[in-house]
Protein chains: 2
Amino acid sequence: MPHCLKLNLSARDRLTDAECAIIDQMGARQKLVPAKHDIVREGDIPTESCLVLSGFSARYHLLANGKRQISAIHVSGDFVDLHSLLLNEMDHGVVALSDCQVALVPHRMLRELTETEPHLSRLLWLSTLIDAAVHRRWLVTSGRLSASAQLAHLLCEIFLRLQVVELVDGNRFSFPISQVELSDALGLSTVHMNRTIRDLREHELVSWKGSEVTILNWDRLAEHGDFDAAYLNIGQQAR
Amino acid sequence: MPHCLKLNLSARDRLTDAECAIIDQMGARQKLVPAKHDIVREGDIPTESCLVLSGFSARYHLLANGKRQISAIHVSGDFVDLHSLLLNEMDHGVVALSDCQVALVPHRMLRELTETEPHLSRLLWLSTLIDAAVHRRWLVTSGRLSASAQLAHLLCEIFLRLQVVELVDGNRFSFPISQVELSDALGLSTVHMNRTIRDLREHELVSWKGSEVTILNWDRLAEHGDFDAAYLNIGQQAR
DNA sequence: CGGAGCGTTGATAGAAGTCAATTGACGTGG
DNA sequence: CCACGTCAATTGACTTCTATCAACGCTCCG
């Protein structure tokens, strides 16, 4: 059930019944990728794109110095390598943070959409544009915010993105990511990551036990992370 | 002459004569934006997208703490706010680093292209995908490289992007950006930026006088910045 | 039982930020 | 022609943030 992709897109624009039908077909071929395994490998030249139906995943880059940087975190309903439709080869990998159910959508099918379904194509384009907007936001927080503000911002972002696909429960959500992975996402050391999480806890902005995160005070968290949701472009609108 | 957009796109895929003709029309309405002035302002809801014909520009974000972060540097032939075609409102501004000649392309015209010119549409989509790939690369360097490696990487990237639009002269190019702006792009303080530039000079990787940059040793510069050009997707290919 | 992965803490080193001041290039106006 | 203001680049001194190294406890699982 690629229901979550429909949620994702229809949070930005109204989908016609015909478009919904097309999206439903995309879920045809599926596979389960266990946690810690690659969904796509760096250097691959995929012939299909992966739509994550459930689970958390991340795009990662390995460096010559042995370090790793995560450049995006994906949730249900995200097309993790839609860009491979037009780009040469994967310049990064995508790893499953938790077990992930993914649908494999052939490029042939997507390319045909670009020929015959302009509106749906624009919405797919849009989803990559939102990816880019998220990248920019991460650049801003990474360059100009303290570690704890950066983390606060990330939590706000993940919360809203999960809300779109109906995966939040009140102010609580499941965020199955280790501190090592988090530190790779924020460009910090694991030790400092740990202390940064402790900071947010001690300031009673969030409660975080295992993979269960509860936002205790949204307003203060958002203020601390200088968070403004505009870049997520949540809101139906003709596109 | 939006010649540079044609260079930009045809570095990635062959353009038909018909497509070239369409692109030529895009240069119709132009304006000159002086250095330090905004090309697009944060909060704008543009009805046209700006194609930079000449000059350097940058996307920037202002933070509540008064700091600024530059999330992208654009060169001739870049469509600096193509994404405004599908996104709500500008969540960042675009400033001219040097005097910029820009062409204003109405969204109406671009939207029509998405209905009638699937191949050209894919190439426009592609250019936003490359933007995103650049964002990811910046995230990686910002998170996991030293300041001097980050700068080395940026110089390699700018060099290749300028090469595509035929704006390099041997191993020299014009890079009219102040140290304040550079520091906002790399997320550093201006003081540290200055010392980082000095580092590259002292290691004889680059020579940098005013806005003239000469790469003295490409291989060592690229190695220092852990640079791999793959993410720029330079190379003609059916897309 | 023992290792592996993860979270946690302390101590220390190093990278980068901040504050402050100087220099040089340039343009303007008296 | 020179005083003056402005802006960019530069340097020094000091502070703060984050990385690194090392160690320990916990849980899960072979």
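Chain letters run A, B, ... following the sequence lines, proteins first and then strands; every chain starts at 1.
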Could you check how far [atom1] of [X] sits from [atom2] of [N], rounded to whole Å?
X	N	atom1	atom2	answer
A:L145	D:dT18	CG	C1'	15 Å
B:Q179	C:dG17	CD	P	14 Å
A:W208	C:dC6	CH2	C1'	14 Å
A:E181	C:dC6	CD	C1'	11 Å
A:Q150	D:dT18	CD	C1'	12 Å
B:M193	C:dG17	CE	P	10 Å
B:H192	C:dG17	NE2	P	6 Å
A:K67	D:dA19	NZ	C1'	8 Å

Q. Is a side-chain donor or acceptor of A:R12 paired with a backbone partner of A:L232 at a separation under 3.5 angstrom?
A.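 A pair under 3.5 Å: yes.
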
**Q.** B:D199 backbone acceptor or donor facing B:H203 side chain under 3.5 Å
**A.** yes

OP1, OP2 of [N] versus side-chain N and O of [X]: anything below 4.0 Å?
X	N	value
B:K36	D:dT6	no
B:R201	D:dT10	yes
A:R195	C:dA11	no
B:N194	D:dA9	no

Q: Please tell me which of the listed nucleotides, C:dG7, C:dA16, C:dT9, lies nearest to the side chain of A:S178?
A: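 The answer is C:dG7.
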
**Q.** Salt bridge B:R59-B:D78, side-chain N to carboxylate O under 4.0 Å
**A.**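 Salt bridge: no.
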
Check: residues 205-213 of chain A side-chain donor-acceptor pairs under 3.5 Å, at least two apart:
unit_1	atom_1	unit_2	atom_2	d
A:W208	NE1	A:G210	O	3.3

Q: Let me know, please, whether B:G210 or A:T190 comes out on the 5' side of the other along DNA chain D by nearest nucleotide.
A: B:G210

